[in-house]
**Q** 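Would you mind keeping the following structure in view while I ask a few things?
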Amino acid sequence: AADAYGNPCSTGGEQVEVVLEGPDDENNMVTVEAVDNEDGTYGAAFELNQPGTWGVSLLVNNLPCGRGGLSFYAQPGVIKAEECVIQRDDSAGPLSFQFADDVILVGALDENRTFSGQELVLLQVRAPSRSTQNSPMQYDQATSTWFADVKWIEKGTHQVSAFVNGVPVTDSPLTIKVRREGDDGTGHESDTDDDLVVGVMRATRTPKKGGPKSELGLSPAQLEGMHPSDAADHLRHLDSADAADALAALSPDAARDIIMSMMDSHVEKAASVLNNSLPDKAAEILSNVFQKDPRKATQLMEACIHDDPERAASSAAALAQRDRKILQELLKSLDPKVATKMLKSASVEDLSWIMTGVDDDLMMSMCEDAMHDGSPSDGAAFLKNMLEAARKAAVRDLDDQVIKKLARGFANAAQNLSDEDLTTLLELMEPEDVAYLLIGMDAEHIQHVLSLLDAQTAAEILDHLSDISPQFGLDLGPMVSLPQSVLLGDGLHTCTAGQPATFFVETYNSRGEPVTRGGALLYVLISAGGQESYAHVEDLQSGKYKVTYELTLAGVHSMSVKMQGFLGTEEVTYMPECLPCSVDLSKTMVEADQFLGNWIAGDWAEAKVVRCDRFGNKVLMGSNASSTGVFQLPDVGATATGPG
C-alpha cells in the first residue's frame with residue numbers, strides 16, 4: 001500500500017478487497033477480502049473455477065484503486081474422474097455379440113476442461129463369465145478425448161467401469177446387456193441410455209478357426225431325443241463353437257451324456273467343444289461328468305488343457321465357484337505338470353478361484369515349476385501371479401489359507417534350489433512379494449534367505465515381514481534395528497569403580513517405529529585392561545532393556561552393545577570412563593627418591609604420598625594423585641608424628 005503521495009505505508013488498517021473477473025466478464029466474478037499483514041502489505045488467497053484470462057482489480061475502503069488492475073492467465077487444473085463422462089461412438093453401429101469395430105470414448109463433461117494426455121485412463125469390463133479385463137485407452141490430442149476399440153465376444157450382462165488416475169468415473173460401473181446380432185430389432189439391450197457405455201473385453205470365447213462349419217439343422221428337443229452317441233456324432237461334424245452353442249440349449253444331463261459319448265472316439269473334439277462353451281456351462285458339464293465317471297472327467301480336463309489351457313482355466317475357475325470339492329478332486333487326479341500348465345496360462349482372476357482347490361502337493365509342484373523350468377524371469381512372473389491371485393482369494397473369501405498354502409509350497413520347493421538360483425529368482429521380485437512367500441518358513445530359514453540378498457533389499461523384506469507376520473501367526477520375535485534404537489543413561493559414558501552403572505536401550509524397527517515387545521537378543525561386551533566381561537541385560541518386556549555392569553579398573557574402556565537379528569549382528573560401541581572411588585588409607589602408598597635403607601637419622605628426606613582407592617586406582621586431587629613433603633628423619637627407633 002502507498003499513501004496519496006506514493007510513499008510506501010508501513011502500517012496496516014485499511015480494508016482491502018480483491019475482485020477477480022473471469023473469462024465470462026460479469027458472469028463469473030470472485031471477490032475475496034485481503035489479509036492485513038499490518039506492515040503496509042496485504043495478501044489474498046483465492047480459487048478459480050475455470051481456466052482462461054482473469055482480470056484483477058482492488059477496492060480500498062470500498063473505493064476502486066486509482067492505479068487500475070492487472071490480468072493473468074489461469075492454466076487448467078488436473079482433471080478429475082467426477083468431471084469425466086464415458087460414451088460409445090454412435091457412428092460405430094449397433095452393440096451386438098461379435099461386433100467387430102466398436103469404439104468407446106472418454107471425455108470431459110465441461111467443454112472448458114481438457115485432458116493433458118498424461119492421465120492414466122483405464123477401462124475395466126467384467127464379463128458374464130466373470131473374467132475381468134483392464135485395458136488402457138489411447139489419447140486423441142485433436143479432440144482431447146481418450147478412446148478404445150471394442151470387440152464384444154460374449155453375450156449377456158457386462159459390468160463396465162472407467163478409471164481416471166485410479167478413480168472410477170461417475171456412474172461406474174454401468175450394466176450393459178449384449179445379445180447376439182438379430183436377437184431383437186436393435187441388436188442390443190442396455191440398462192443405460194444408448195449413448196452411455198462401456199469398455200473393452202478380450203476374446204476369451206472367440207470361436208476357433210478351421211474345420212467344417214454348417215447350420216445345426218436340429219432343434220434342442222430333437223437333439224435330446226436322439227441317442228447320445230448319435231447326437232455326439234452329429235455335433236462332431238460342426239464347428240466347435242456351433243456345437244458348444246447347441247450344448248448350451250440342452251439340459252445338463254443331455255449335455256453330459258453327449259460329451260461323454262463324443263469322448264469315446266473323439267476326446268480332442270469333446271475338449272474343443274467344451275473350451276468353446278461359456279465357462280459356467282463348461283463347469284456344469286465337467287461337474288456332471290465327474291459325478292458319473294471321475295476317471296472320464298479327469299481325461300476330459302486333461303484334454304481341455306492340452307487344447308487350450310487358458311480356456312480350460314476359465315472353466316476350472318467357474319467349477320471352483322460351483323463345487324470346490326469336485327475341482328479339488330479333479331486337480332488331485334491330474335498330472336501335476338499338466339495342471340501347472342493350465343495354472344500358468346490362467347488370468348489372475350481365474351487363478352484366484354482355482355487356487356482354492358489346490359492342495360499342498362500341487363502347490364509345491366507349481367512352485368517347483370516356477371523355480372526350475374524356464375527362465376528366472378518367467379518363474380518370478382508366475383510366482384507373482386500366484387501371489388496376487390492368493391491375495392485376491394483371501395480378500396474375497398476372508399480366508400488366508402490360500403496364501404499360507406502358497407507360502408508352504410514355496411518353502412518346500414526352495415529346499416531343492418541352490419542358494420545361487422534362489423537369489424537370482426528373489427532379486428527379480430518385489431520385497432513385499434518375497435515377504436509373503438517367506439511366511440511358510442521358520443525363523444532359521446528366513447534368516448538364511450535374507451543373508452543371500454543385499455542389505456537394503458533384506459531390510460525392506462524384513463519390514464514387510466514384521467507387518468504381516470501377526471496376521472499369519474508367524475512369531476519372528478521383535479524386529480529390532482539397533483542403529484534406529486535409542487540408548488540413554490550415564491552408564492554409557494561414565495561409571496565409578498566398584499559401583500553398579502546403568503543405561504537403558506529403547507528399541508525401534510528399521511522404519512523408526514517403537515518396538516513394544518521384548519525378546520530381542522541383546523548383549524553387552526566390555527573390554528577393560530585386557531579382560532572381557534558381559535554386562536547384565538534385563539528384558540523389561542516392553543521393548544526396553546536395562547543394562548547393568550560394574551568395573552574396578554579406572555580408565556577409559558571399550559563397551560560394545562550388540563543385537564543379533566535376522567540381518568546378522570548389529571553393533572554400536574561406546575567408550576565409558578571408569579573413575580576411582582574414595583580414598584582408602586590401607587591402599588595409600590609412600591614413594592621416596594632414596595631407598596629407605598640409605599636414609600640416615602637426623603637427615604632431611606623427600607617423599608610422595610600417593611592416594612589410592614580400595615582397588616589400587618590412583619585418586620586425583622585436582623590434577624595429581626600424590627603430595628610431596630620434606631621432613632626430618634627421627635632418631636633410629638624413635639616414633640615420628642605429624643599431620644597427614
Side-chain angles (χ1 to χ4, degrees), residues 1-87 104-124 136-147 161-174 193 195-196 511-513:
D3 62 15
Y5 303 101
N7 301 309
C9 296
S10 59
T11 60
E14 311 297 335
Q15 181 182 354
V16 179
E17 292 180 296
V18 180
V19 181
L20 301 105
E21 296 183 3
D24 297 332
D25 298 328
E26 68 273 5
N27 294 328
N28 193 2
M29 183 175 294
V30 177
T31 302
V32 293
E33 185 173 349
V35 176
D36 188 347
N37 297 324
E38 298 182 351
D39 60 358
T41 65
Y42 300 81
F46 48 84
E47 181 177 339
L48 304 181
N49 55 18
Q50 70 178 102
T53 302
W54 287 73
V56 182
S57 58
L58 300 177
L59 293 177
V60 180
N61 297 327
N62 295 321
L63 297 176
C65 177
R67 295 189 180 183
L70 54 87
S71 64
F72 64 90
Y73 182 78
Q75 297 285 347
V78 177
I79 197 164
K80 299 179 181 179
E82 57 264 28
E83 299 177 89
C84 302
V85 62
I86 182 167
Q87 296 178 310
I104 305 305
L105 305 175
V106 171
L109 284 167
D110 187 341
E111 61 181 10
N112 293 315
R113 300 287 279 130
T114 58
F115 291 99
S116 66
Q118 301 301 312
E119 298 84 4
L120 176 63
V121 183
L122 296 175
L123 284 175
Q124 183 184 84
M137 302 187 75
Q138 302 178 59
Y139 181 61
D140 182 0
Q141 188 173 6
T143 60
S144 185
T145 58
W146 293 81
F147 70 93
S161 301
F163 297 84
V164 174
N165 295 330
V167 180
V169 171
T170 305
D171 295 334
S172 292
L174 299 173
D193 296 335
D195 61 343
L196 291 176
R511 289 179 292 196
E513 300 165 341

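Values below: all heavy atoms of this structure, side chains included; hydrogens, waters and symmetry mates excluded.
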**Q** What distance separates L59 CG from Q15 CD, expressed to the nearest 0.5 Å?
**A**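 L59 CG to Q15 CD: 9.0 Å, rounded to 0.5 Å.
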**Q** If I take atom OH from residue Y42 and atom CD from residue E14, how far apart are they, to the nearest 0.5 angstrom?
**A** 4.5 Å
**Q** Looking at A81 and P168, what are the two nearest heavy atoms and their distance?
**A** CB-O, 3.5 Å
**Q** Can you name the nearest heavy-atom pair linking F115 to C84, along with the distance?
**A** CZ-SG, 3.7 Å
**Q** Once rounded to the nearest 0.5 Å, what's the spacing between atom CD of E21 and atom OG1 of T31?
**A** 9.0 Å
**Q** Donor-acceptor pair, distance only, cut-off 3.5 Å: does the side chain of D36 make one with the backbone of G13?
**A** yes
**Q** For T41, what residues pass the side-chain hydrogen bond (donor to acceptor under 3.5 Å, both in side chains) criterion, not counting sequence neighbours?
**A**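 With sequence neighbours excluded, T41 shows a side-chain hydrogen bond (donor to acceptor under 3.5 Å, both in side chains) to N37, D39, given in chain and number order.
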**Q** Closest heavy-atom contact between V32 and F46?
**A**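 Nearest pair, atom of V32 first, then F46: CG1-CB, 4.0 Å.
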**Q** Once salt bridge (Lys or Arg N to Asp or Glu O under 4.0 Å) is applied, do any residues pair with E83, and if so which ones, sequence neighbours excluded?
**A**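 Residues passing salt bridge (Lys or Arg N to Asp or Glu O under 4.0 Å) with E83: R113.
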**Q** Can you name the nearest heavy-atom pair linking A34 to A44, along with the distance?
**A**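 Nearest pair, atom of A34 first, then A44: CA-CB, 4.3 Å.
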**Q** Work out which heavy atom in Q124 is nearest to a heavy atom in F163; give both atom names and the distance.
**A** CB-CE1, 3.9 Å
**Q** Using 0.5 Å steps for rounding, measure from the CD atom of E82 to the NZ atom of K80.
**A**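 Rounded to the nearest 0.5 Å, the CD-NZ separation comes to 6.0 Å.
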**Q** If I take atom CH2 from residue W146 and atom CG from residue L122, how far apart are they, to the nearest 0.5 angstrom?
**A** 9.5 Å
**Q** Please enumerate all residues that pass salt bridge (Lys or Arg N to Asp or Glu O under 4.0 Å) together with E38, with sequence neighbours excluded.
**A** none
**Q** Could you state the interatomic distance from CG (L123) to OG (S161), rounded to the nearest 0.5 Å?
**A** 9.5 Å
